[in-house]
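If you read the sequence from its start, that first residue is 1, and numbering goes on from there.
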Amino acid sequence: MKKLICGLMLLFSQVLLAQQPQSRVIFEPVRAQPGQDLSITYNPSGSPLAGKKDIKGIVYTYENFVWHANDLSLKEENNSWKANIKLAKDCGLVAVKYTSGDLVDNNDDQTFAQMLIDESGKFAVGAYAGWGLLRAPNYGYSVQQYLRNANISDSAVYFWLNQEISFHPKEASEVMSVPFCQALFKMQGLSSIPRINRVVAFLSKNSSEENMLKILSIFRYPLQNKTSEDSLTKVILTNYPTGNLARLKAFQQVNLEPNFDKKAEQATAFLKQFPYKESDFEYNENNRINYTNVYLMVALQALMQKNYAKLTTLASELPFSTIPTIYYKCIDIAHKRKDLDDQTLFAPSQALMQRMESFKNQRPAQYLYLSPSEWTKEYERLFIQTFGLIQTNIYRNTGHWDEAMTLANRVQQTLQFKSAELNNEQALLLEHFKQYNQLQEVLVKSMHENQSSPEMIELLKRDYQRVKGNVEGFDDYVSGLKNPALASKELEELKSIMIKKSMPDWTMKDGNGKTVKFSELRGKTIIMDFWATWCVPCKASFPGMKLAVEKYKNDPNVVFFFVDTEERSPNYKQEIMQYIKENNYPFTILFDNKLPNQKANDEVFNRICKAFTISGIPQKLIIDKNGKLRFITVGFKGSATGLADEISAMIELTKKAE
């Protein structure tokens with residue numbers, strides 16, 4: 001009994017805390033009512049935001065048991081930040097947080113919040129539930145990303161929901177039934193079942209699908225009554241053949257189909273019967289009805305059937321979250337691998353981008369927890385991540401120069417010359433438009449960030465020669481453009497990952513059929529670049545590797561081997577040598593060994609992966625003169641000059657190693 005009394009006293013003290021002016025935030029009036037004007041004052045003294053001048057505020061209002069996020073229009077007065085808002089008539093609780101860059105003040109996860117009161121002086125509808133669920137994100141009814149680590153106890157959640165239902169049974173009994181039963185069971189265990197059954201009986205009085213699904217959820221947990229769950233499932237499917245549960249069952253059938261063509265046909269039928277725009281987003285999320293997977297099946301079938309018009313039409317109905325996946329699978333990959341020409345990809349890629357742009361000023365349901373300003377920032381990030389580089393390249397390759405320039409400039413505002421691929425696109429576009437002053441700026445800033453391409457170096461050299469009359473001193477000029485602090489940081493990082501391990505022995509043949517033995521290369525610094533024709537990043541790294549090879553072409557003690565591995569084509573050797581010749585790469589090609597009864601040539605690569613517990617290509621190994629492995633790198637970061645400098649730094653460190 002004492003524990004119960006103490007617990008209740010603690011909970012009521014939390015109510016008072018939610019109503020009192022907190023140390024850094026003051027609500028006026030202290031006991032606001034729904035529909036009133038509310039003044040909110042924030043003093044950042046003693047907080048992570050103390051002294052900051054770029055403070056922003058976000059207000060979360062709990063209206064009719066649904067969270068809404070909005071930006072606060074802040075005005076600075078005497079080291080405090082003030083804002084006024086108009087409360088909705090169905091608002092029960094208000095919470096705020098403040099930010100400055102990546103810094104956040106939410107009262108150290110204790111929240112800044114106020115429970116509203118009604119005209120009679122009692123807590124308003126939603127006040128109890130909002131105050132409880134806001135601080136219990138593990139129940140799934142909180143504000144996403146508001147709290148970082150805090151979770152109140154199950155008994156506290158039960159208390160606040162019980163208060164809500166007790167004081168506002170008409171408004172709260174149905175909508176709060178599921179989290180209430182969950183909290184009740186977690187707190188009382190089996191002894192709670194009679195009361196939970198009374199909740200089920202209450203919900204049964206209204207036979208809407210929404211209520212039936214709530215009962216179904218309670219049967220699943222906490223009651224774990226499989227018999228009742230199965231029985232009710234049949235009833236719901238019979239009474240609501242096009243409802244939420246029917247959608248879930250149809251989606252599960254699509255997922256279970258192993259045959260691609262049949263799966264695509266079922267996906268098409270699913271979308272016709274259960275259009276996304278008519279679906280219940282919350283139910284989809286809670287039950288993992290992934291429309292992205294469904295649309296992807298339809299899109300891939302259209303792509304395989306070369307029905308690009310269908311793919312273009314399909315874009316106009318896609319949910320926001322589906323667009324990046326469809327673009328990547330159908331446009332990005334096809335473009336990078338050159339499976340389709342850009343002229344063919346233009347229409348569907350343009351349609352996908354236009355569809356995404358339609359959401360720019362309209363937050364999708366899954367992002368309603370973001371304020372408008374947060375959504376603008378998140379949208380731009382996702383847009384650039386999805387379309388920025390590839391779509392700019394498609395525009396340029398198809399002669400849509402103005403669109404390419406507009407998109408490149410937009411993306412550059414975010415990336416700030418940190419992407420060699422974008423820098424290259426922008427440079428080529430500026431050269432096309434003869435905007436030489438802007439071109440010079442891009443070339444210099446890109447080199448400063450060490451995010452350039454061989455084409456950009458040539459453009460820079462051409463401009464240097466125009467000014468100087470020759471190219472004498474050009475290499476020193478380029479070196480002087482690079483950020484020394486960045487180079488120093490990268491060098492220290494490389495030193496920290498330097499190793500010394502014994503290499504497995506190997507013997508392979510080069511492109512001319514000559515045998516190359518690892519054991520005969522002592523005294524040389526060896527760079528091994530494992531790659532394959534099907535590996536897009538492998539080939540994307542070659543311009544940077546070419547710069548490194550050319551830098552050391554006169555050093556007899558540094559040798560580069562480009563080891564082709566994991567190929568399955570019967571004519572891969574001829575195809576590879578032709579590819580190297582056509583692209584003018586001064587590379588020594590080695591072919592990995594193919595063991596008997598194996599489909600791919602991967603004998604050396606597999607042994608190295610096992611020896612060093614690594615995988616994936618492109619994979620570069622730097623080996624010292626004594627045959628010891630000093631560096632392993634996997635992947636390609638996108639910058640040709642950055643890669644060349646990284647390889648050069650590793651070579652120099654390896655040369656000096658003992």
Legend entry - Ring-ring centroid check Tyr128 Phe167, cutoff 6.0 Å: yes
Inset, instruction - Assign the ring pair Trp375 / Tyr367 to parallel, tilted or perpendicular, where the plane angle (0 to 90°) is split at 30° and 60°. - result: tilted
Inset, instruction - Kindly indicate whether the side chain of Val442, heavy atoms from C-beta on, has any atom under 4.5 Å from the side chain of Phe417. - result: yes
Inset, instruction - State the CD-CG distance between Glu164 and Asn162, to the nearest 0.5 angstrom. - result: 10.5 Å
Legend entry - Non-neighbouring partners of Ser153 that pass side-chain contact (heavy atoms from CB on, under 4.5 Å), sequence neighbours left out: Ser155, Ala156
Legend entry - Glu119, CD: over 12 other non-hydrogen atoms inside 6.0 angstrom: no
Legend entry - Heavy-atom side-chain contact between Pro319 and Thr292 under 4.5 Å: no
Throw together a table of side-chain donor-acceptor distances under 3.5 angstrom for residues 65-76, partners on residues two or more places apart or in other chains.
| residue | atom | partner | partner atom | Å |
| --- | --- | --- | --- | --- |
| Trp67 | NE1 | Tyr141 | O | 2.9 |
| Asp71 | OD1 | Ser371 | OG | 2.6 |
| Asp71 | OD1 | Ser373 | OG | 2.4 |
| Asp71 | OD2 | Ser373 | N | 2.8 |
| Asp71 | OD2 | Ser373 | OG | 3.3 |
| Glu76 | OE2 | Lys53 | NZ | 3.2 |

Inset, instruction - Of all the heavy-atom pairs spanning Leu389 and Glu421, show the shortest one and how long it is. - result: CD1-OE1, 3.7 Å
Legend entry - Derivation and outcome, side chain to side chain contact (heavy atoms under 4.5 Å, CB included), residues Leu311 and Cys330: CA-CA 9 Å; Leu311 185 59; Cys330 298; 4.2 Å; yes
Inset, instruction - Could you tell me whether Glu378 and Arg381 make a salt bridge, using a distance below 4.0 angstrom between a side-chain N and a carboxylate O? - result: yes
Inset, instruction - Check whether any side-chain heavy atom of Val157 lies under 4.5 Å from a side-chain heavy atom of Pro179, and answer yes or no. - result: no
Legend entry - Contact list for residues 168-178, test side-chain hydrogen bond (donor to acceptor under 3.5 Å, both in side chains), sequence neighbours left out: Glu174-Asn211
Legend entry - Within-4.5 Å side-chain heavy-atom neighbours: Asn423 and Ser453: no
Legend entry - Note, Glu63 side chain near Lys89 side chain (heavy atom, < 4.5 Å): no
Legend entry - Gap separating the OH atom of Tyr60 from the CD atom of Gln144, nearest 0.5 angstrom: 10.5 Å
Inset, instruction - Return the orientation label for the Tyr276 and Tyr291 ring planes: parallel under 30°, perpendicular over 60°, tilted otherwise. - result: perpendicular
Legend entry - Under-4.0 Å salt bridge between Glu449 and Lys445: no
Legend entry - Side-chain ion pair, Glu380 and Arg410, N-O less than 4.0 Å: yes
Legend entry - Ring centre gap for Phe387 and Tyr328 strictly below 6.0 Å: no
Inset, instruction - Take Glu374 and Tyr369 through the test side-chain hydrogen bond (donor to acceptor under 3.5 Å, both in side chains) and record every step on the way to the result. - result: CA-CA 9 Å; Glu374 287 179 313; Tyr369 69 93; over 6 Å; no
Inset, instruction - Is it possible for you to check whether Lys186 lies under 6.0 Å from the centre of the six-membered ring of Tyr139, through NZ or CZ, and within 45° of that ring's axis? - result: yes
Inset, instruction - For the residue pair Ile85 and Asp37, establish whether any side-chain heavy-atom pair is separated by less than 4.5 Å. - result: no
Legend entry - Smallest separation among heavy atoms of Met176 and Ala129, with atom names: SD-CB, 3.8 Å
Legend entry - Output field: ring centroids Phe180/Tyr158 closer than 6.0 Å: yes
